[in-house]
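First the structure, in the form of structure tokens, and then the observations on it.
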Amino acid sequence: MMNSAKSSLMLSRSANRNQRLARWFGEGFLLVVTSLSMLAVLFILIFIARDALPFFSWTHFKEFFVSTAWYPTQNPPSFGALSILFGSLLVTLGAALVAIPLGLTAAVCLSDVLPFRVRQTVKPVVEMLAAIPSVAYGFFALIVFAPALQEHGGPMLAWAFWLVVTPFLALTLLVLADLAAARFAENRQNLVRGLVFALLGAMAAWGLWKTGRRLHGLEISSGTNALNAAIILGIMALPTMVSVAEDALQAIGRDLRMASYALGATRAETLVRVVIPAAASGILAAAILAIMRAIGETMVVWMASGNAARIPEPWYNLLEPVRTLTATIAGDMGEADQSAGSAHYHVLFAMALVLLLFSLACNIVSERMIARTRRRLR
Amino acid sequence: MQTQKQLLIAGLVALTVAAAQAAGDAQKIVVDGSTTVGPIAKAFAEYYMKAHPDVNITVSESGSGNGAKGIINGSIDVGTMSRAMKTEELDAAKGKKRNPVQHIVAFDGIAAVVHPSNPVKNLSKDQLRDIYTGEINNWKKVGGPDLKIVVISRDTNSGTYETFQEKVTKSERVTDRAEYVGSNGAVRQRVQSTPGAIGYVGLAFTEGVKALTINEIEATTDNVISKKYPISRGLFMYTDGAPAAGTALADYVGLYKTADGKKLVGDQGYVPVQ
Amino acid sequence: MLRLGTRKLLDRSFTGLGVLSIALLTAALLILLAPMCLRGSGAYVFQGTVEFRRVLLEKFQRGDRDELQRELALVRRARQPVFDALAAFQKELAVMPVAQRRKIKPDFEQVHAAVKELLGPLPGAEVPLMMRGQYGQTRWDRAQVKIRKILFAEDYDFSGGGLGRKVLKPRAATFRGTALEPLFAYVEHHAVAMLAPRWTFYGRFLTDTSHDAHFFGGIGPEALGTLYLTLGAILFAVPMGVIAAIYLVEYARENRLVRLLRICISTLAGVPSIVFGLFGLAFFINTVHLSANKSVLVGALTLGLLILPTIIRASEEALRAVPEAYKQAALSLGAGHWRSVRTVILPAALPGILTGVIISMGRAAGETAPIIFTAAVSVGKPLTLLQTFTQPTPALPWNIYNLCSEHVAVDEIRHVQYGMVFTLVVLVLLLNLAAIIVRARISKGLRT
């Protein structure tokens, strides 16, 4: 702040003006540069919408959302994207089923259960999972996982089913037995508990065995199917779920937990009954972000989901190939005639628009939820 | 702080020098299009670049449709296609003042391939059509084991798909159970690793899978030359106008006429032009 | 009410559940990385045969010429019986009765072709134009596959009904009594002498150009292309991102425009990567015509847009994490706002910004969808700096997809695919490791 008058610290009028102008220009420049990112978003929206809307102004609009016949190069072409939309949703649903429970338990474990040292070693694992490029996941899905599913799919599914469901069932039965025994007198309780557990346990074991054997005998004719894509996408979406959920859980603070412990709850009860509900909006935001990640992923589904534009029979049959929006855009874009502005070109941009709007919606909702968590805790 | 500034300036100077040195290197040929013609284009590119190291030939294989696109838009120099340009594409080219010139660089057949463990050896053209339209969905209906047929098809980008549609399925729709992959190589891989699969590939891609006889005629280059094999096609390279004689582009595109070019084509499993 | 014992059991099993999920995560990571690392390192460290050393000398001008000549003399002597057997059988074939000849000729042609694949062109025969026919097997593991092809005929036994079962028939049985019979036992026992395999470390795999559609050579053009794209993306995104972060943290007032800006930035973060690719194609190439067709410039710009939100977020966090005391101290010493930002706050936030930049570099290097339409080709020469403005380039992510699906001989170049994936994953993980280290240094610095 060198000034013209050496005697006083106040600026001359011109120097003052110059300085104010400089600051104004400087801030303006910063604002312009920052607005470039806003411009980028606007341009993306404009260009995608501009090339998508010509499709929607035709009668194709209804066909797009209702028909499952996707034959864009046939004469006459049909642009029924329902099966493709369904494919995207099915694969995302599968990925959510993998990522959300696993991610939530991992986040809870990271934030509340593990000691600090162990936490510092586990966090890099999650970050590494996030850092692996999507084409590497796609490569794994196509070259390693698909043949494995084809050759050993049945046994893999059966063992995964047994390993996951058995502990859950055992615990549920234990709780049920306890609740049943509580109605009886003190001296009979153990007997009742044992009986109920044995009875229910036998039924559950039989059910588990039957379902397991049925899974074991499954013949997976094609390893590139919705299951393959769903599992790999779930693993890709896990880090997002874990980190955002963990942030939400950490943000709760110790007071709530301490109060719960003071009232005599075990750690599990505190977590399940107090902490998780308190962080519910943050956890929901994490789930939405994970879903957003899964639905926007291109390479894995292009390589490993089979690309058959068809709704599987029955609709939840993950063992059949499906086609997603992203894979259709990536695969068909080369063919679509840009210069002549054919309907094929516009329908691909329509798909991009659907993806964009869905991501936008997810983004807005998750931001609101995170803001709500912050507001509640202030 | 001072040394950091010096390093930065030195770095910038080095970059500019490197850029200036690179200014001399200019020639490029951009090739894009069919995955069937891709191996030929790549072999030609390698052969040509060995003799002329100052030319950079880049090859992509995004599909015959994209090859046509690129020529119409003027964004590529050579468009490889495994089908002829359609009338709409030729009209679009005329609208953009482009003049696509067709060069037939090879002939090829489309073989129907299955996994080697599949006992089926022959299919009639009608049976093949029915498999692809979904009428037949189990191998036992064509004399094979009781196994669901996994139908592999090429996506809409593909000239191979167009030829297959023109010669086999005609105007009927391919079943929606069909799995779509993006290239000949991908079809071969899927069929090689899936016992119940059937697919169609160019003759150069039949290693590791079993090529069926169609109407009892084998898919060999001889049968393609004699036109006995029912699913044959020409392989094309398109340029915008005939390339001026003596330019790198003309030499590259004209390789199919030379003896070496024909040998390269033949070695890969295609039928060189006679 | 539940018993105390049950509650304790539930508590313990909940902990167990948490630990199990972490274990599953780690297992998933290991299952993902193990095949990539094991087989990928096989592209760098493997048993290379004398053919590999020939390729290195003739195409890349590396290696000891004299020693190679000596080796080749030894190898040629070891191979001579094979060629003699083949020639002798040719003569036998010429005088064989027609029916027998017709039966045995296809098998002989298979053996002949397999020997050519294993050892390269026979002496005196015409040298093929394509490079893959000019040399034998360069890797010992592939050589063993070819040896098995020589020794056994692969056939399928359809007698049981249903799918055929693979049956390996020893070829020695087919050719019993002919001049070709001793060839098989010879090949089996003298393969090592014929090919001279030696453990090689092919470090230049990363920088060598590929020859003949990746049959030989390395992944140099792809690695260079990835480097160009990543650096270009950083060049575009970092200045814009840091400036935007400075504005948002230090200068922005909480008015509607700024809130809109923040919404836009977080929207940009949520756009799927394929949409970026479409935008790059529609805007940079088709509208603005930055380059006539695909080019590294357009690809770098598209990737830069992709990583911009991450950099803005990371820089914002880093700037906010600088203690208020620093800023107050600078202001109290008479520095203006801008000077205090430039000389005090920014340097203090630099490690955090650097972390964000490094992680974004990893992201930009690994993304495929944005470069499919804007910058990537399957085959091309390594570009010089000036060419990046107008020419497309091969890049690691795109070529991984390309090689594992489109390539004409996928099994022959399996090691190159794994090598590319390994290289890309190692690159990205190293970048992340660097970011972690930088972050650890920061937390240590801020704690003092």
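Because the structure is predicted, anything quoted here is derived from the model rather than measured. Residue numbers start from 1 in every chain, and the chains themselves are labelled A, B, ... in the order their sequence lines are given, proteins ahead of strands.
- Looking at C:L257, the atoms closer than 4.5 Å to chain A (heavy atoms on both sides) all sit in the side chain, from C-beta outward.
- Counted within 6.0 Å of CD on A:Q120, heavy atoms from surrounding residues, nucleotides or ligands total more than 12; the atom is thus considered enclosed.
- The contact between C:I243 and chain A is made by backbone and side chain atoms together, counting heavy-atom distances below 4.5 Å.
- A distance of 6.0 Å separates CG of C:D11 from CZ of A:R267, quoted to the nearest 0.5 Å.
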Given the rule in the side-chain contact (heavy atoms from CB on, under 4.5 Å) test, do A:I132 and C:L29 qualify, once you have shown the distances and angles that lead to the verdict?
CA-CA 10 Å; A:I132 296 180; C:L29 183 67; 3.9 Å; yes
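- If you measure heavy-atom distances from C:M240 to chain A, the contacts under 4.5 Å come from both the backbone and the side chain.
- The aromatic ring centroids of C:Y401 and A:F139 lie 6.0 Å or more from each other.
- For chain A, the nearby part of C:I312 is the side chain; its heavy atoms alone come within less than 4.5 Å.
- Salt bridge C:R253/A:E27: present, at least one basic N to carboxylate O contact under 4.0 Å.
- Only the side chain of A:R193 comes within contact range of chain C, judged by heavy atoms closer than 4.5 Å.
- Heavy-atom pairs under 4.5 Å with chain C peak, among A:V33, A:I364, A:L102, A:I44, at A:I44.
- Chain C is approached within less than 4.5 Å, heavy atom to heavy atom, by A:L171, A:L174, A:V175 from residues 170-177 of chain A, ordered by number.
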side-chain contact (heavy atoms from CB on, under 4.5 Å) for C:L10 and A:T266? Distances and angles first, verdict last.
CA-CA 9 Å; C:L10 283 176; A:T266 61; over 6 Å; no
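- Within the 4.5 Å cutoff, the side chain of C:L32 has no heavy atoms near those of the A:F145 side chain.
- In this structure, CD on C:Q417 lies 5.5 Å from CD1 on A:I143, to the nearest 0.5 angstrom.
- In this structure, A:T298 OG1 and C:I274 CD1 are separated by 4.5 Å, a value rounded to the nearest 0.5 Å.
- Proximity to chain A (any heavy atom under 4.5 Å) is shown, for C:I31, by both the backbone and the side chain.
- C:L25 approaches A:A106 most closely through the heavy-atom pair CD1-CB, 3.9 Å.
- Residue with the most contacts toward chain A among C:L424, C:V421, C:L308: C:V421 (heavy-atom pairs, distance under 4.5 Å).
- Within the 4.5 angstrom heavy-atom criterion, only side-chain atoms of A:F168, from C-beta onward, approach chain C.
- The shortest side-chain heavy-atom distance between C:P272 and A:S359 falls under the 4.5 Å cut-off.
- With chain C as the partner, the residue from A:R293, A:E367, A:M351, A:M292 showing the most heavy-atom pairs under 4.5 Å is A:E367.
- Using a 4.5 Å cut-off between heavy atoms, C:L24 contacts chain A through its side chain alone, with no backbone atom that close.
- With a threshold of 4.5 angstrom between heavy atoms, C:F276 approaches chain A through side-chain atoms but not through N, CA, C or O.
- Only the side chain of A:I235 comes within less than 4.5 Å of a heavy atom of chain C; its backbone N, CA, C and O stay farther away.
- When heavy atoms are compared at a cutoff of 4.5 Å, A:L39 does not approach chain C at all.
- Contact annotation for A:L129: both backbone and side-chain heavy atoms come within less than 4.5 Å of a heavy atom of chain C.
- Note on C:A269, C:S405, C:G18, C:S21: by heavy-atom pairs under 4.5 Å with chain A, the leading option is C:S21.
- Contacts of C:I436 with chain A are made by side-chain atoms alone, with heavy-atom separations under 4.5 Å and no backbone atom involved.
- In this structure, chain C has heavy atoms under 4.5 Å from both the backbone and the side chain of A:V125.
- The distance from the CG atom of A:L348 to the CG atom of C:L278 is 7.5 Å, given to the nearest 0.5 Å.
- The parts of A:M128 that come within reach of chain C are both its backbone and its side chain, each placing non-hydrogen atoms under 4.5 angstrom from that chain.
- In A:E127, the CD atom is crowded: over 12 heavy atoms of neighbouring residues, nucleotides or ligands sit closer than 6.0 Å.
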Only pairs under 3.5 Å count here: list side-chain donor-acceptor contacts from residues 425-434 of chain C, not counting sequence neighbours, and write none if there are none.
none

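- Looking at A:L110, A:T105, A:V242 one by one, the single match for side chain to side chain contact (heavy atoms under 4.5 Å, CB included) with C:I22 turns out to be A:L110.
- To the nearest 0.5 Å, the span separating CZ on A:F47 from CZ on C:F284 amounts to 9.5 Å.
- Neither the backbone nor the side chain of C:R262 comes within contact range of chain A; no heavy atom of the residue lies under 4.5 Å from a heavy atom of that chain.
- Separating the CZ atom in C:F283 from the CD1 atom in A:I48 is a distance of 12.0 Å, to the nearest 0.5 Å.
- Highest contact tally toward chain A, considering only C:A244, C:G362, C:A435, is held by C:A244 [criterion: heavy-atom pairs under 4.5 Å].
- By number of non-hydrogen pairs under 4.5 angstrom with chain A, the leading residue of C:S266, C:P35, C:A282 is C:S266.
- Residues C:C404 and A:M303 share a closest heavy-atom pair of SG-CE, 3.5 Å.
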